[in-house]
Amino acid sequence: MNKQSPRTMATRRPLVTVVVAVAVLAGLVLLITQSGVFSVLDPAENAAHGTEEENAPLPATGEPDRLTVVDPADVVDVTEETLSYDGDVSADVTYPVLPDAEPLTDFLSRTLDADVAAFEAANPGAETYSAEWGLTAANDDLVGVRVTSTETDSEGSREGHSTYWYEADTGLTHGSNELVAGQDELDRLNALVRERSPETVDGAAVLPVAALYDSVGFNPDGDLVVEFDTGQVAPVDEGPVHVVVDREEADPLLSDLGVRARDAATVGVESFSVSGPPEADKDGSTEERPGLISPVDDTVDCSDPETRCVALTYDDGPGGRTPELLDTLAEYDARATFFVTGVPVLEHPRTVRRAYAEGHEIANHTLGHPDLTGLSRDGVRDELETVQAQVFRETGYTMDLMRPPYGATDDGVAAVTEDMGLAQIIWSVDTLDWKDRDASLVASRALGGASDGAIILMHDIHGTTIDASHEIIRELDARGYTMVTVSQLLGTTTPGATYHDGRPEKKEDPEDGSDGQEPAGDPED
Ligand code: NI
């Protein structure tokens with residue numbers, strides 16, 4: 001269910017012009033040899049050097065509490081490319097090009113392009129985006145590339161980091177979350193990071209999700225360093241913050257890749273080059289990716305006749321009291337689905353991340369909540385792509401589901417959502433909680449309509465709904481229902497298709513035509 005890149009971004013705009021600046025880097029100076037001739041440092045020279053200092057490894061370089069820094073001058077024939085953009089956002093993005101590491105070049109080009117597109121799509125006030133690169137490891141056929149980005153929009157400028165790890169022997173490039181062995185280990189690391197965070201960090205915002213662990217590496221001593229972007233876990237005026245976890249504590253949490261990365265980052269670099277093109281048919285893409293959390297829980301099977309599933313859905317948020325709802329859901333080990341809209345996501349990004357981290361499903365309810373049937377197909381796409389990009393940037397998750405505002409859909413909406421890989425989710429029980437701000441009435445409607453396979457519509461922006469939810473969740477639990485996400489309820493969904501409940505999957509009556517009815521549009525759903 002999880003995808004690592006926002007596929008909807010890839011097809012969007014032809015605004016990218018690649019300017020290959022095969023300029024030699026400032027750092028990659030041509031060395032003046034003793035004979036006065038210019039030449040690039042080469043392996044032969046290295047070998048000669050090696051005879052002087054036999055097996056003593058060079059020390060890694062860098063500040064003690066920051067990621068190791070590899071001087072590009074110590075990497076043979078490294079150059080760089082620049083992506084320039086002529087869209088609404090002025091962007092200037094550079095990344096390294098290493099000989100014999102084409103998969104890395106392709107990955108960086110694709111990923112940075114998607115980052116710019118997501119920034120532009122997620123921020124109506126987007127202005128400029130720049131990215132520069134550095135190397136944090138280059139040893140043992142492993143390369144760590146650290147990207148520093150600066151994005152400016154109407155709210156100001158923010159700096160962030162992403163660090164990618166390229167394995168020359170497989171040709172695979174990994175995100176930093178893959179330095180950790182699994183989700184349990186990431187949970188443990190997250191607890192250590194919380195403990196060791198500076199006082200300015202809001203511990204509750206430190207969550208074990210991929211988007212927060214996208215820049216992890218090692219200092220020259222092998223301690224693990226986690227870098228957070230501006231505003232992610234601390235006030236914006238603190239800028240980016242980083243946390244160091246001692247090597248002895250971090251080591252048991254590392255994946256094989258993590259151990260290899262640590263080893264590569266803790267020795268000095270001299271005349272590094274990738275050994276050659278990767279072997280053809282290795283594939284590590286099925287490995288677990290810590291921090292990418294599925295909205296489907298393998299321990300629950302809603303198609304089992306013994307299991308009665310209900311999907312609680314909350315639209316138009318998140319709101320200020322959504323964390324309280326999350327507390328109650330956690331208390332009952334219940335899952336819900338949050339159909340989020342644009343401004344609330346930007347106002348409550350930490351609530352979105354928390355809901356995601358706790359196994360709830362995040363789904364798309366458009367940027368500005370229009371009746372999509374009144375828009376052009378491009379207009380529908382813009383509404384959905386913006387929120388798709390916002391949630392991806394906050395969590396690393398690409399949403400699979402959307403709910404059209406007012407339940408209003410047509411062939412045009414179906415075509416766009418199909419193209420974007422989004423299934424359309426309506427509902428089977430309407431609590432009318434936007435109209436009747438009465439907690440007991442909302443609770444009785446939800447409980448009265450609850451049945452196996454039901455999708456219940458509510459709005460977590462209303463205090464009365466939060467109040468009602470405590471009772472709804474407690475009572476559904478007492479009645480033996482399992483509260484699940486919509487994806488858990490429906491199983492695999494078809495992009496573009498419309499779903500009202502989870503009953504057809506389970507029941508065998510093909511004549512049940514009630515599914516085709518459109519619920520009446522609500523002014524606020
Ligand atoms: Ni709505």
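In this text, all values refer to a predicted model and were calculated from it rather than measured experimentally. Whatever order the structure lists ligands and atoms in, that order sets their numbers, starting from 1.
Under a 4.0 Å N-O distance rule, the pair Asp327/Arg321 does not qualify as a salt bridge.
With 2.8 Å as the limit, His459 does not count as an N, O or S neighbour of the Ni ion (ligand 1).
Less than 6.0 angstrom separates the ring centroid of Phe107 from the ring centroid of Tyr164.
His365 contributes atom NE2 as its closest N/O/S atom to the Ni ion (ligand 1). Between the Ni ion (ligand 1) and the N, O or S atoms of Asp316, the shortest distance is to OD1.
Aromatic ring pairs are classed by plane angle as parallel below 30°, tilted from 30° to 60° and perpendicular above 60°; the pair Phe119 and Tyr129 is tilted.
Separation of atoms CD (Glu227) and CG (Leu212) is listed at 13.0 Å; rounding is to 0.5 Å.
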